[in-house]
Amino acid sequence: MLKRKIIIVFVTMFSFSLVSYMLIAAFGRRGNVYGEEKKIVTSFYPVYLITENLLEGVEGVRVLNLTENHTGCLHDYQLTTKDMLLLETANLLVINGGGMELFVEQAVKKLAGLVIIDSCEGMELLAGESHDHHHGSSNAQSAVSTGQEGEEIAGEVVENGHVWMDMERYCEQIHTIAAGLCRALPEDKEQIEANEFAYLEKVVALSSEYEDLKESLSEVPVITFHDAFVYLCDPLNMEVVHTLDLDADSALSAGEIALIEDEIFLHGVRYLLADPENGEIAGQIAAESGCEVLYLDPLTSGREELNAYLSGMQANFDQLKQISR
């Protein structure tokens with residue numbers, strides 16, 4: 001009888017120990033996975049796509065996009081309490097740079113020690129429009145460099161940070177971000193560099209497909225309704241005679257519309273390049289001037305797919321193919 005009780009007690013203790021071990025093992029592994037997970041935060045969509053491509057297959061790393069639901073003018077973006085909480089727990093912040101994320105300055109002041117990768121560091125930038133939505137003219141051929149004097153409006157140095165729309169500059173962004181990630185994640189350097197090579201190969205291949213566009217579009221005069229499109233036109237040697245940095249809430253006065261129409265007739269402009277968000281203004285001017293509106297994607301938001309940038313740029317190039325002499 002005693003022997004039987006001892007066996008029962010032994011079996012019970014063994015079963016309890018086994019169950020306890022399984023629970024500890026299961027929850028212990030979950031704790032390790034989530035406890036050691038590195039959080040990489042990106043400022044907005046274009047650099048989010050790059051970072052996701054570079055970290056594909058890298059374990060223990062999570063990429064989060066700070067402005068994932070924001071589709072308006074990023075220059076006016078204000079950090080929320082939720083954003084600050086996210087940044088406080090981030091291991092790294094990847095930004096576009098080029099003056100796109102003025103809100104990052106707030107984060108740097110409040111979060112000492114936050115490591116930032118600036119994808120535009122050392123890159124030559126084109127001059128841009130003032131971000132108070134004052135509308136003036138701009139030439140795609142005028143360029144400034146990061147940290148140097150640019151176009152000055154009311155004492156403000158203005159740079160155009162929409163560099164991802166130029167595929168050569170986009171490749172520079174990929175390389176800069178990859179180098180920063182390798183420094184931050186040295187144990188994953190081999191995987192990151194392999195991903196960099198693979199992604200660059202795709203971007204260069206797509207760019208090569210449309211090399212013939214430069215010959216057909218060179219010196220074609222256009223007016224752009226988004227600063228991003230200046231970078232699309234620049235490598236194709238298109239003549240941007242006037243550009244406006246508009247968003248969905250922007251409006252033009254009768255005088256400003258008249259000025260644009262004067263530019264159209266003066267330079268023989270037949271095509272207006274617009275974002276669907278501000279297409280109403282472009283459509284109005286086109287109706288009055290006889291121009292055609294081509295709707296392009298500035299790629300400031302979109303699907304969270306690894307090839308989303310490539311698909312977007314391919315669609316933009318296909319739109320530009322409609323331009324005839």
Side-chain angles (χ1 to χ4, degrees), residues 45-46 71-74 100 125-131 133 135-143 160-170 206-207 210 212-248 250-252 256-257 259-302 309 311-325:
Y45 189 64
T71 58
C73 181
L74 195 66
M100 290 295 297
L125 304 177
L126 300 176
E129 286 293 291
S130 173
H131 302 315
H133 302 295
H135 308 293
S137 61
S138 175
N139 191 316
Q141 304 303 318
S142 61
N160 186 344
H162 302 75
V163 296
W164 63 89
M165 295 297 286
D166 175 350
M167 298 188 87
E168 185 174 339
R169 286 182 170 94
Y170 187 69
L206 179 62
S207 180
Y210 294 93
D212 59 330
L213 271 180
K214 184 171 183 177
E215 184 177 346
S216 62
L217 298 181
S218 181
E219 298 184 359
V220 170
V222 294
I223 289 178
T224 69
F225 286 75
H226 197 298
D227 262 354
F229 302 147
V230 178
Y231 276 104
L232 189 62
C233 296
D234 186 57
L236 297 171
N237 199 36
M238 299 174 74
E239 183 187 359
V240 179
V241 300
H242 196 101
T243 187
L244 303 96
D245 189 25
L246 304 179
D247 58 32
S250 296
L252 297 180
E256 288 171 318
I257 291 175
L259 175 62
I260 295 170
E261 291 177 346
D262 287 345
E263 294 281 357
I264 289 172
F265 294 116
L266 178 64
H267 296 279
V269 175
R270 295 168 55 199
Y271 298 95
L272 309 179
L273 308 184
D275 172 9
E277 287 287 325
N278 51 52
E280 186 176 343
I281 296 175
Q284 177 187 346
I285 294 174
E288 295 177 2
S289 62
C291 290
E292 181 179 348
V293 182
L294 296 182
Y295 293 101
L296 304 173
D297 186 352
L299 297 172
T300 53
S301 62
Y309 172 82
S311 300
M313 287 300 287
Q314 187 167 28
N316 284 335
F317 285 136
D318 289 343
Q319 278 286 83
L320 292 177
K321 280 184 175 181
Q322 298 182 42
I323 294 180
S324 59
R325 295 283 183 173

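Keep in mind that this is a model prediction, so the values were computed, not measured.
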Engineer: When you check the gap from the basic side-chain N to the acidic O, do Asp234 and Arg169 get nearer than 4.0 Å?
Structural biologist: yes
Engineer: Checking Asn160 side chain against Asp227 main chain: does a donor-acceptor pair fall under 3.5 Å?
Structural biologist: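 Yes; at least one donor-acceptor contact below 3.5 Å.
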Engineer: Could you go through the side chain to side chain contact (heavy atoms under 4.5 Å, CB included) check for Phe317 and Leu232 one step at a time?
Structural biologist: CA-CA 9 Å; Phe317 285 136; Leu232 189 62; 4.0 Å; yes
Engineer: What closest approach, in Å, do Thr224 and Cys233 show between heavy atoms, and which atom pair accounts for it?
Structural biologist: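 So the two residues come closest at CG2-SG, 4.3 Å.
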Engineer: Decide if the gap between the ring center of His162 and the ring center of His226 is smaller than 6.0 angstrom.
Structural biologist: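 Here the rings of His226 and His162 have centres that are less than 6.0 Å from each other.
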Engineer: Measure the CG-OG1 distance between Asp275 and Thr300 for me, rounded to the nearest 0.5 Å.
Structural biologist: 6.5 Å
Engineer: Is the backbone of Leu272 close enough, under 3.5 Å, to the side chain of Glu292 for a donor and an acceptor to pair up by distance?
Structural biologist: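 It does not hold such a pair.
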Engineer: Return a table of donor-acceptor pairs under 3.5 angstrom between the side chains of residues 279-288 and protein atoms on other chains or two or more places apart.
Structural biologist:
none

Engineer: Find the distance between CG (Leu217) and CE (Met238) and round it off to the nearest 0.5 Å.
Structural biologist: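 If we round to the nearest 0.5 Å, Leu217:CG and Met238:CE are 5.0 Å apart.
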Engineer: Give the minimum heavy-atom separation between Asp297 and Phe229, together with the two atoms involved.
Structural biologist: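 Smallest heavy-atom distance, with atoms named: C-CE2, 4.0 Å.
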Engineer: So Met165 and Met313, do their side chains get closer than 4.5 Å, heavy atoms only?
Structural biologist: yes
Engineer: With a 4.5 Å heavy-atom cut-off, do Leu320 and Leu273 have their side chains touching?
Structural biologist: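 Leu320 vs Leu273: side chains touch.
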Engineer: What distance do Glu256 atom CD and Leu244 atom CG have between them, rounded to the nearest 0.5 Å?
Structural biologist: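 Answer rounded to 0.5 Å: 8.0 Å.
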Engineer: Side chain to side chain contact (heavy atoms under 4.5 Å, CB included), that's the test. Do Val222 and Glu239 meet it? Break it down for me.
Structural biologist: CA-CA 6 Å; Val222 294; Glu239 183 187 359; over 6 Å; no
Engineer: Roughly how far, to the nearest 0.5 Å, is CH2 of Trp164 from OH of Tyr170?
Structural biologist: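 That separation rounds to 10.5 Å.
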Engineer: Passes side chain to side chain contact (heavy atoms under 4.5 Å, CB included), Val240 versus Ile223? Steps please.
Structural biologist: CA-CA 6 Å; Val240 179; Ile223 289 178; over 6 Å; no
Engineer: Is the side chain of Ser216 donor-acceptor paired with the backbone N or O of Leu213 at a distance under 3.5 Å, no angle test?
Structural biologist: yes
Engineer: Using modelled atom types only, decide if a donor and an acceptor are shared between the side chain of Tyr231 and the backbone of Met167 within a distance under 3.5 Å.
Structural biologist: no
Engineer: Looking at OG of Ser207 and CD of Gln314, how far apart are the two atoms once the value is rounded to the nearest 0.5 Å?
Structural biologist: 12.0 Å
Engineer: Nearest 0.5 Å please: distance from the CG atom of Asn316 over to the CG atom of Leu299.
Structural biologist: 6.0 Å
Engineer: Run the numbers on Asp318 and Tyr210 for side chain to side chain contact (heavy atoms under 4.5 Å, CB included), then give the verdict.
Structural biologist: CA-CA 9 Å; Asp318 289 343; Tyr210 294 93; 3.1 Å; yes
